[in-house]
Each structure stands twice: as C-alpha cells, then as structure tokens.
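So the structure is just underneath, and the comments pick up after that.
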Number of protein chains: 2
Amino acid sequence: MTDFETREAAWIALNQMHVRVHRNIERALQDAGMPRLDWYDVLWALECAPEGLRPYQMQEALLFEQSGFSRLAMRLENEGLIIRRKDKTDGRGLVLHITDQGKALRGKIWPVYRQAIDQEMRHASEQKDCLTALLNHPRK
Amino acid sequence: MTDFETREAAWIALNQMHVRVHRNIERALQDAGMPRLDWYDVLWALECAPEGLRPYQMQEALLFEQSGFSRLAMRLENEGLIIRRKDKTDGRGLVLHITDQGKALRGKIWPVYRQAIDQEMRHASEQKDCLTALLNHPRK
DNA sequence: CACATATAGATGCATTTGCATCTATATTGC
DNA sequence: GCAATATAGATGCAAATGCATCTATATGTG
C-alpha cells in the first residue's frame with residue numbers, strides 16, 4: 001500500500017465513522033428532547049470560562065464558520081441560555097457569558113450526550129482498521 | 001483514563017479531524033472550480049457499477065439521507081451527469097446510470113481531489129494522538 | 001491627525017438539510 | 001384474490017449553511 005492509498009483509506013474511514021457516530025448521537029439527543037450538539041459545545045465552552053469568551057475565540061476553538069456562529073449565538077441568546085455583552089475594551093466585539101438557565105440545560109444534556117458518546121464510540125472502534133493503518137504508518 | 005474518557009477524547013478528535021479535513025478538501029475542490037464532494041462519491045459509485053445502482057443501495061453505501069439523496073440525484077440528472085431510469089423489475093424504483101459527461105467530470109475532479117486528500121490527511125495524521133489512544137485501547 | 005488597511009461581527013440571499021408526509025408499487029397473510 | 005403492511009422514492013416546509021458583503025471599530029503609517 002502506498003502512502004497515498006493509506007491516507008485515502010483513512011479518509012474514507014474517517015468520513016464513515018464520523019457520519020455514523022455523529023448522526024446517531026444527534027438522534028439520541030433529539031429523541032431525549034435535547035437540543036443539537038453545537039449548542040452543547042458552546043454552552044460547555046462558556047461554562048468553562050467564567051470571564052466569558054469572545055465569539056472569534058470560540059469560532060477558532062470550536063471550528064465554526066463566522067456567520068454560522070454569529071447566528072448560533074443569537075439563537076442561544078434568544079433562548080436565554082447565553083448573554084452577549086459589548087466588550088468594554090474593544091468596541092467592535094462582544095463577550096459571551098452563559099446564564100444560569102444555560103448551565104442548567106447543559107447539565108441536563110450531559111448525561112444523555114455522555115451515554116451516546118460511550119455507546120457510539122464503542123461501536124465505532126470496531127471498524128477501526130483503516131484508521132489504524134494510517135495512524136501506525138510511519139510518516140516521512 | 002477510563003474507557004469512557006478514552007472514547008470521549010477520541011470523539012472530540014474525530015470531530016476536529018473531520019471538520020478540518022473536510023472543509024479544506026471542499027475548499028480545494030471549489031477553488032479549482034469543481035463540484036462538491038458528494039457529487040464525486042455518487043459519480044464514482046456509478047462508474048464502478050456499469051449495470052447501474054438503485055438509489056436505496058447508494059443511500060446505504062454512502063450513508064446519505066433518503067430525501068437528501070433523492071434531490072442530489074435530481075440535481076445530477078439536471079446537469080446531465082447521470083440518468084434515472086425506471087426499474088423494469090420494480091415499479092416503485094429507479095436505476096441510476098452515469099453518463100459519458102458524468103464520467104468525464106469525475107475524471108477531471110479526481111486529480112484535484114486526490115491531491116487534497118493526500119495533503120490534508122498528511123496534516124491530519126499529525127494530530128492523531130487521541131484517536132490512537134482509542135484504537136489501541138483493548139476493547140472489552 | 002488623516003488616511004489606508006485590518007478585524008469583529010451582522011446580514012441578505014441562494015442553496016442545502018432534516019423531518020414529516022405523500023404517492024405508488026410490492027409483499028405478506030388470510 | 002384481497003386487505004394490511006412494508007418499501008421506494010418525491011416533496012412541502014422550516015431551519016441551517018456558505019458565501020459575499022456590509023457596518024463599525026481598531027490599528028498602523030505617513
């Protein structure tokens with residue numbers, strides 16, 4: 001197997017694994033009446049940062065697109081889960097903070113999410129062969 | 001590290017790797033004036049199946065949602081890249097075939113796609129630690 | 001200070017998604 | 001053969017995405 005073939009196989013495996021796991025986790029959350037995964041990521045990041053976070057920081061950390069995140073933050077604020085304050089030291093920007101309601105929701109999501117991760121990743125690891133090949137492959 | 005923590009770390013790594021690689025590959029294709037990745041997958045699957053394929057088969061193989069694939073197939077037909085024929089043995093269904101134009105386009109996409117896979121997966125393998133942990137973890 | 005450029009975030013628009021539902025044909029059990 | 005159920009695929013609708021663009025503030029240079 002050439003280096004390229006190894007990488008290609010890993011790319012295919014990466015996609016399949018991701019689609020399957022992601023879809024199943026999203027469905028588990030939804031079946032439990034919970035919001036989507038990206039909501040969780042934002043809430044958790046903010047709960048870990050009591051001083052708040054700037055949108056552009058979260059975009060980088062969580063790999064969101066700028067416009068997508070802008071609207072996501074708006075939705076979360078509309079639901080009362082976060083607050084967007086003007087940044088005092090940078091008039092262009094905002095600082096996001098989680099609300100008590102946001103914390104409460106995150107706490108409710110976690111057990112469901114945790115259980116789904118555990119279950120789906122266990123299945124996923126059963127199809128690991130292609131990725132293993134990549135990961136064990138010596139890199140030039 | 002507990003089993004769960006290992007799986008959680010792998011889930012996070014899986015997501016990050018997937019978003020980064022997927023986004024970069026899509027951009028490489030787009031910058032080269034090529035269509036989106038899902039088009040390629042369909043064209044390639046059909047090129048490998050001269051007798052054609054039923055939509056429901058492709059949905060399973062490529063992990064598409066039913067409605068999403070239905071519309072994707074329509075777009076591809078509108079572009080002249082595939083043909084949807086009625087299945088003679090099953091009045092409910094279709095058989096999809098690739099056209100010469102479809103084959104030509106797939107052939108044009110491949111070098112760009114190949115190059116992008118090679119480059120992005122090489123980078124990706126540099127951040128493999130969390131996934132490695134999962135994959136090397138003995139499974140109960 | 002004034003002007004050019006860079007950065008943070010919002011928004012309009014076209015496209016795509018996901019879900020639920022709909023139609024048509026197949027299959028199963030009586 | 002006929003009713004009940006299952007399966008293939010299409011479609012309406014609300015929501016989400018990506019892209020380009022817009023506004024406002026910051027920063028850097030003369």
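Everything numeric here is computed off the predicted structure, so don't read it as measured data. Reckoned from all heavy atoms, side chains included, excluding hydrogens, waters and symmetry mates. Just so it is clear: chains get the letters A, B, ... in the order the sequence lines come, proteins before strands, and each one is counted from 1.
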Problem set entry | Basic-acidic side-chain contact under 4.0 Å: B:R122, B:D118 | yes

Problem set entry | Those residues that, when tested against B:E60, pass side chain to side chain contact (heavy atoms under 4.5 Å, CB included) (two or more places apart) | B:Y56

For this session: Output the rest of the hydrophobic cluster of A:V95: all Ile, Leu, Val, Met, Phe, Trp and Tyr residues reachable through side-chain heavy-atom contacts under 4.5 Å, sorted by chain and number.
Result: none

Problem set entry | Nucleotide-resolved protein contact map, nucleotides 19-25 of chain C, B/S/- at heavy-atom distance under 4.0 Å | BB----B

For this session: Using side-chain hydrogen bond (donor to acceptor under 3.5 Å, both in side chains) as the criterion, list what pairs up with B:R54, not counting sequence neighbours.
Result: B:D87, B:D90

For this session: Return the value, rounded to whole Å, for the distance between atom NZ of A:K86 and atom P of D:dA26.
Result: 11 Å

For this session: Look at B:S70 and D:dG9 and indicate whether a side-chain polar atom (N or O) is within less than 4.0 Å of OP1 or OP2.
Result: no

Exercise. Got a sec, which hydrophobics cluster with A:V19, joining ILVMFWY side chains under 4.5 Å apart, including via others?
Worked result: B:L63

Problem set entry | Terminal axes of the helix from C:dC1-D:dG30 to C:dC30-D:dG1 (five pairs each): angle between them, nearest 10 degrees | 30°

For this session: Answer yes if the side chains of B:Q30 and B:E26 hold a donor-acceptor pair under 3.5 Å, and no otherwise.
Result: no

Problem set entry | With B:A116 via side chain to side chain contact (heavy atoms under 4.5 Å, CB included) - residues at least two apart | B:I25, B:A28

Under 3.5 Å, which donor-acceptor pairs do the side chains of residues 34-52 of chain A form with other protein atoms, sequence neighbours left out?
unit_1	atom_1	unit_2	atom_2	d
A:Y40	OH	A:R106	NH1	2.6
A:E47	OE1	A:R106	NE	2.5

For this session: Please state how far atom CD1 in B:I25 lies from atom C1' in D:dG18, giving the value in whole angstrom units.
Result: 18 Å

Seminar exercise, completed: Residue pairs meeting salt bridge (Lys or Arg N to Asp or Glu O under 4.0 Å), one or both in residues 64-79 of chain A, sequence neighbours left out, come to A:E65-B:R23, A:E65-B:R27, A:E77-A:R84

For this session: Give, ordered by number, those residues of residues 72-83 of chain B having at least one heavy-atom distance below 4.0 Å to an atom of DNA chain D; if nothing qualifies, reply none.
Result: B:M74

Problem set entry | Counterpart residues, ring-ring contact (aromatic ring centres under 6.0 Å, His included), relative to A:H97 (two or more places apart) | none

Exercise. Among residues 49-62 of chain A, which residues get a heavy atom nearer than 4.0 Å to DNA chain C?
Worked result: A:R54, A:P55, A:Y56

Problem set entry | Spacing of B:D87 atom CG relative to D:dT7 atom P, expressed in whole Å | 17 Å

Seminar exercise, completed: Note: A:M121 and B:W11 closest approach over all heavy atoms is CE-N, 3.7 Å

For this session: Scan B:R23 against the nucleic acid and name what it touches under 4.0 Å (heavy atoms): base, sugar-phosphate only, or nothing.
Result: nothing

